Visitor: 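The following block contains the structure, expressed as structure tokens.
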Amino acid sequence: MYWKALSLLAAAAVSVDAAATLRFSCSQLVVERLDPLVNPGMMPSVHLHQVVGGNSFNASMDPATHNIAEESTCTSCTPTEDFSNYWTAVLFFRARNGTFHRVNTFGNELGFTGASGGQTVYYLSSGKVTAFKPGFRMTVGDPSFRTAQQLNAKYRFMDYTCLDSPMTRGGATTSFPNKQCRAGIMVSIRFPTCWDGKNIDSPDHQSHVAYPRGAACPATHPVAIPQVFYETYWDTRPFNDRALWPADGSQPFVWSFGDKTGYGIHGDYMFGWKGDALQRAMDTNCNSDLFSNRINCPTLKTQTLDQANKCTIKRQINEDLDAWLTELPGGMMVT
Ligand SMILES: *[C@@H]1O[C@H](CO)[C@@H](O)[C@H](O)[C@H]1NC(C)=O
Ligand SMILES: *[C@@H]1O[C@H](CO)[C@@H](O)[C@H](O)[C@H]1NC(C)=O
């Protein structure tokens, strides 16, 4: 996936005068039914999320009144100047008797086995990019989508890898894998790489960004931004017993928003790097080791996975997330 992501970018580049492949671990900050982007102020929000990054994550994070790089006192990511929040929906296993069990995230085994779940975050560039402005946020994907046609017509580069081993790359699908995955399921979510140059958000949280057209950003969204890319490792291994799977041969995983197809895949991003730390890292072509927790980037300060694991926040929504549940949190219907 790592190399595939790079080749996707290489294909989009006119001339490569700078290329950054910043890749790092963000441990689990909290699993919580809050969504300051799509459901600001709602406690609880509509569906459950797994969240990483700065510890000022909360139900309301209006950029007019909140500066997350200033309000956070720690981050679950290894670059210590990154107080951004990154989140996705949560995976559940649905048993034959119709009850649901939450699936945990685990540390990416390419370098981050010591992470207490969470996800791997990449910032990729090929050529000069403009880092995000304070308050910038965006989402990608649509939780209401249930078909490949819907997904392919609007979004690119979001998929599932059925891990046969932690090293498995390739064979990604845009729906949930239809077989047992011996080493878990990796979910990859990549955001668009062009920005309108003006708005830090938009009513749908998406139309201020766009995908490139061929090699270049479109005239409506002329500013190249880093490619934000999430890899989340879901520990589906405890649920690999065939006898637990549906008798009709279908696969048993559902997203916390009720999607049993996988086509509703989506991710949320709130920029929160301190000062110009991200711009510096992109400008100095920083990269990361593929097999260890090391960022080759003298301009960034980093912490160990152990230190990152210590940055967590207390859940505010009081609901049991560890039992066999008769319904998904929030009563989301499975469709
Ligand atoms: C989240 O917001 C609530 C209500 O405004 C506040 O009491 C709480 O301290 C905040 N939590 C964090 C982690 O900032
Ligand atoms: C439902 O199935 C799961 C998995 O087999 C099991 O652990 C759980 O106890 C069952 N719940 C009920 C109410 O039968």
Side-chain angles (χ1 to χ4, degrees), residues 26-46 48-77 80 82-87 90-104 116 118 134-135 137 176 180-181 184-185 234-254 256 258 260 268 270-274 307-329 331-334:
C26 296
S27 303
Q28 200 75 80
L29 179 75
V30 69
V31 174
E32 176 77 295
R33 201 138 65 83
L34 291 182
D35 189 340
L37 219 177
V38 178
N39 308 132
M42 267 178 75
M43 298 184 79
S45 66
V46 177
L48 188 69
H49 295 113
Q50 65 85 19
V51 186
V52 303
N55 68 340
S56 66
F57 180 81
N58 212 333
S60 298
M61 299 177 75
D62 181 346
T65 48
H66 290 270
N67 179 335
I68 66 181
E70 297 302 327
E71 290 176 20
S72 291
T73 55
C74 69
T75 173
S76 74
C77 300
T80 53
D82 182 13
F83 299 103
S84 305
N85 285 118
Y86 310 90
W87 67 96
V90 171
L91 215 52
F92 280 82
F93 170 78
R94 183 164 54 159
R96 283 192 178 187
N97 61 21
T99 63
F100 300 89
H101 204 287
R102 190 171 62 85
V103 179
N104 272 313
S116 56
R137 61 263 323 268
F176 283 126
Q180 281 91 4
C181 303
I185 295 175
W234 292 97
D235 194 1
T236 53
R237 293 171 295 189
F239 308 104
N240 273 350
D241 180 354
R242 257 273 174 227
L244 297 176
W245 278 45
D248 67 2
S250 61
Q251 70 79 38
F253 295 102
V254 298
S256 50
K260 64 177 180 187
D268 298 70
M270 263 194 195
F271 171 79
W273 285 77
K274 252 203 161 99
Q307 288 167 322
N309 289 346
K310 290 199 179 95
C311 187
T312 59
I313 57 181
K314 269 216 224 32
R315 289 181 46 221
Q316 300 180 70
I317 308 301
N318 183 22
E319 58 188 352
D320 190 353
L321 296 180
D322 296 314
W324 288 95
L325 307 173
T326 54
E327 58 176 24
L328 291 170
M332 298 305 292
M333 300 299 292
V334 176

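These values consider heavy atoms only, across backbone and side chains, with no hydrogens, waters or symmetry-generated copies. Source: prediction; values computed, not measured. Both counts, for ligands and for their atoms, begin at 1 and track the order of listing.
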Visitor: Give me the nearest non-hydrogen protein atom to atom 7 (O) of ligand 2 as residue plus atom name, then the distance to 0.1 Å.
Guide: Trp324 NE1, 3.2 Å
Visitor: Between Trp245 and Phe239, is the ring centroid distance below 6.0 Å?
Guide: no
Visitor: Which residue and atom name correspond to the protein heavy atom nearest atom 11 (N) of ligand 2, and how close is it?
Guide: Asn97 ND2, 2.8 Å
Visitor: If only atom types and distance count, is the side chain of Asn309 paired as donor or acceptor with the main-chain N or O of Ser116 below 3.5 Å?
Guide: yes
Visitor: Any idea which atoms of ligand 2 are less than 4.0 Å away from a heavy-atom of Leu244?
Guide: 5 (O)
Visitor: Which atoms of ligand 2 sit under 4.0 Å from any heavy atom of Thr99?
Guide: 1 (C)
Visitor: Nearest 0.5 Å please: distance from the CG atom of Leu48 over to the CD atom of Glu32.
Guide: 8.0 Å
Visitor: Looking at atom 9 (O) of ligand 1, is any protein heavy atom nearer than 4.0 Å to it?
Guide: no
Visitor: Could you check whether atom 14 (O) of ligand 2 has a protein contact, counting only heavy atoms that fall below 4.0 angstrom?
Guide: yes
Visitor: Any protein heavy atom sitting closer than 4.0 Å to atom 5 (O) of ligand 1?
Guide: no
Visitor: Any N or O on Asn58 sitting closer than 3.5 Å to an N or O of ligand 1?
Guide: yes
Visitor: Taking the side chain from Gln28 and the backbone from Val51, do they hold a donor-acceptor pair closer than 3.5 Å?
Guide: yes
Visitor: For ligand 1, indicate whether the residue Asn55 contacts it via side chain, backbone, both or neither (heavy-atom separation under 4.0 Å).
Guide: backbone
Visitor: Below 4.5 Å, heavy atoms only, C-beta onward: do Phe253 and Cys181 meet side chain to side chain?
Guide: no
Visitor: If we ignore hydrogens and angles and just use 3.5 Å, is the side chain of Asp35 paired with the main-chain N or O of Val38 as donor and acceptor?
Guide: yes
Visitor: Within ligand 2, which atoms have a heavy atom of Ala95 less than 4.0 Å away?
Guide: 2 (O), 4 (C)
Visitor: Between Ser76 (side chain only) and Cys26 (backbone N and O only), is there a donor and an acceptor less than 3.5 Å apart?
Guide: no
